[in-house]
Amino acid sequence: MPVPSIDSLPVLADKLESSKRAAAYRAIDENIDFKTDKVIGIGSGSTVIYAAERLGQYLKDSEYSDLVSEFICIPTGFQSRRLILDNGLKLGSIEENSMIDVDFDGADEIDDDLNLIKGGGACLFQEKLVSTSSKKFIVVADYRKKAPKYLSTNWKSGIPIEIVPSAYVRVSDDLKKLGAKHVIVRQGGSAKAGPVVTDNNNFLIDADFGMLENPAQLHDKIKALVGVVETGLFIDNASKAYIGNADGTVNVFTK
Ligand SMILES: O=C(CO)[C@H](O)[C@H](O)COP(=O)(O)O
């Protein structure tokens with residue numbers, strides 16, 4: 001079955017979903033070299049669902065199927081493993097494939113320099129492991145994610161930080177000393193009494209530092225705290241961002 005052209009797709013009733021699908025489909029169409037790429041990163045969240053779906057469409061197209069069936073897809077967590085398997089793609093591990101050709105992932109906020117806040121879906125450590133192991137890291141997102149200037153303008157939940165569970169009091173105190181206005185250990189809400197536990201059996205802290213004029217410097221300071229595994233600030237990592245609009249058009253930002 002040939003890969004459907006983006007223009008021929010039925011319009012989705014939900015404009016936000018349309019924008020995510022348009023961004024992810026175009027990102028896949030324009031950033032995989034089907035002849036030379038072999039190892040593909042598949043991130044987490046609701047937008048990357050459409051990236052895995054598009055790759056699944058290529059798998060069913062006889063012109064591409066032999067090549068795509070040989071692709072090894074590297075997940076960034078439990079949800080992304082399922083996306084790979086549910087779309088018929090070959091699941092691989094980062095232990096066996098430490099060099100990734102191209103990675104597709106979502107973001108919670110994106111600034112003009114393509115610095116990102118990630119971790120809204122609690123997968124930031126594996127997302128960073130995969131994105132920083134990739135020759136190209138392509139961000140797929142909807143129109144709500146572009147910061148007018150500074151990160152933490154639209155994303156108000158704070159910077160997600162993965163921490164070793166026993167260090168949560170110490171790291172919370174240290175983050176306040178670094179200037180965080182509000183620090184919480186992320187809770188499971190009605191789905192779980194107590195903290196969210198990541199795919200790596202760690203906790204997450206969301207730390208609100210207000211708008212970030214120098215995200216690189218803040219990342220370095222947080223990363224240096226004892227107990228911090230990784231921060232959700234992705235600095236100088238993304239190669240391009242595909243941001244879908246409500247009308248189905250897509251803006252592409254390049255570094
Ligand atoms: O960082 C993430 C998960 O840890 C996601 O990529 C981020 O939250 C974006 O998700 P969505 O595409 O659902 O907006």
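Read the numbers this way: they start at 1 and go in the same order the structure lists the ligands and their atoms.
- Near S44, with a cut-off below 4.0 Å to any heavy atom, the atoms of ligand 1 are 5 (C), 6 (O).
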Using the rule given for salt bridge (Lys or Arg N to Asp or Glu O under 4.0 Å), can you reason through K181 versus D208, listing the C-alpha separation, both sets of side-chain angles and the distance that settles it, and then say yes or no?
CA-CA 6 Å; K181 299 174 194 150; D208 178 10; 5.1 Å; no

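- No hydrogens or angles considered: nothing links the side chains of N87 and Y58 as a donor-acceptor pair under 3.5 Å.
- In this structure, A122 is part of the shell of residues with a heavy atom less than 4.0 angstrom from ligand 1.
- Looking at R144 next to ligand 1, no N or O pair under 3.5 Å apart turns up.
- When each atom of ligand 1 is checked for a heavy atom of G45 under 4.0 Å away, the hits are 10 (O), 13 (O).
- The aromatic rings of F234 and F137 lie tilted to each other, with the angle between the two planes from 30° to 60°.
- Ligand-side atoms of ligand 1 in range of D105: 6 (O), range being under 4.0 angstrom from any heavy atom.
- Put simply, part of K145 is less than 4.0 Å from ligand 1, judged by heavy atoms.
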Under the criterion salt bridge (Lys or Arg N to Asp or Glu O under 4.0 Å), I'd like the reasoning laid out for K90 against E70: C-alpha separation, chi angles, the key distance, then a yes or no.
CA-CA 7 Å; K90 195 188 274 183; E70 292 304 314; 3.7 Å; yes

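- With respect to K223 and D220, no salt bridge is recorded, no charged nitrogen being found less than 4.0 Å from a carboxylate O.
- In summary, the atoms of ligand 1 found under 4.0 Å from a heavy atom of C123, numbered by their order in the structure, are 4 (O).
- Residue G106 approaches ligand 1 through these ligand atoms, each under 4.0 Å from one of its heavy atoms: 6 (O).
- In terms of polar-atom proximity, E127 is counted as a contact of ligand 1, with an N or O under 3.5 Å from an N or O of the ligand.
- In terms of polar-atom proximity, D142 is not counted as a contact of ligand 1, lacking any N or O under 3.5 Å from an N or O of the ligand.
- Using a 4.5 Å heavy-atom threshold, the side chains of M99 and K135 count as touching.
- With contacts defined as side-chain heavy-atom distances shorter than 4.5 Å, the pair V102/S134 does not qualify.
- Checked by atom type, the side-chain pair T249/D247 shows a donor-acceptor distance below 3.5 Å.
- Looking from atom 11 (P) of ligand 1 to the surrounding protein, the closest heavy atom is S46 OG, 3.4 Å.
- Summarising the contacts of atom 1 (O) of ligand 1 with A51, G121, G119, A107, the nearest heavy atom is found in G119.
- Using a 4.5 Å cut-off on side-chain heavy atoms (C-beta onward), I159 and F209 make contact.
- Numbered from 1 in the order shown, with element, the atoms of ligand 1 that lie under 4.0 Å from a heavy atom of D108 read 1 (O), 7 (C), 8 (O), 9 (C).
- With hydrogens left out, the protein atom closest to atom 12 (O) of ligand 1 is T47 OG1, 2.6 Å, a heavy atom.
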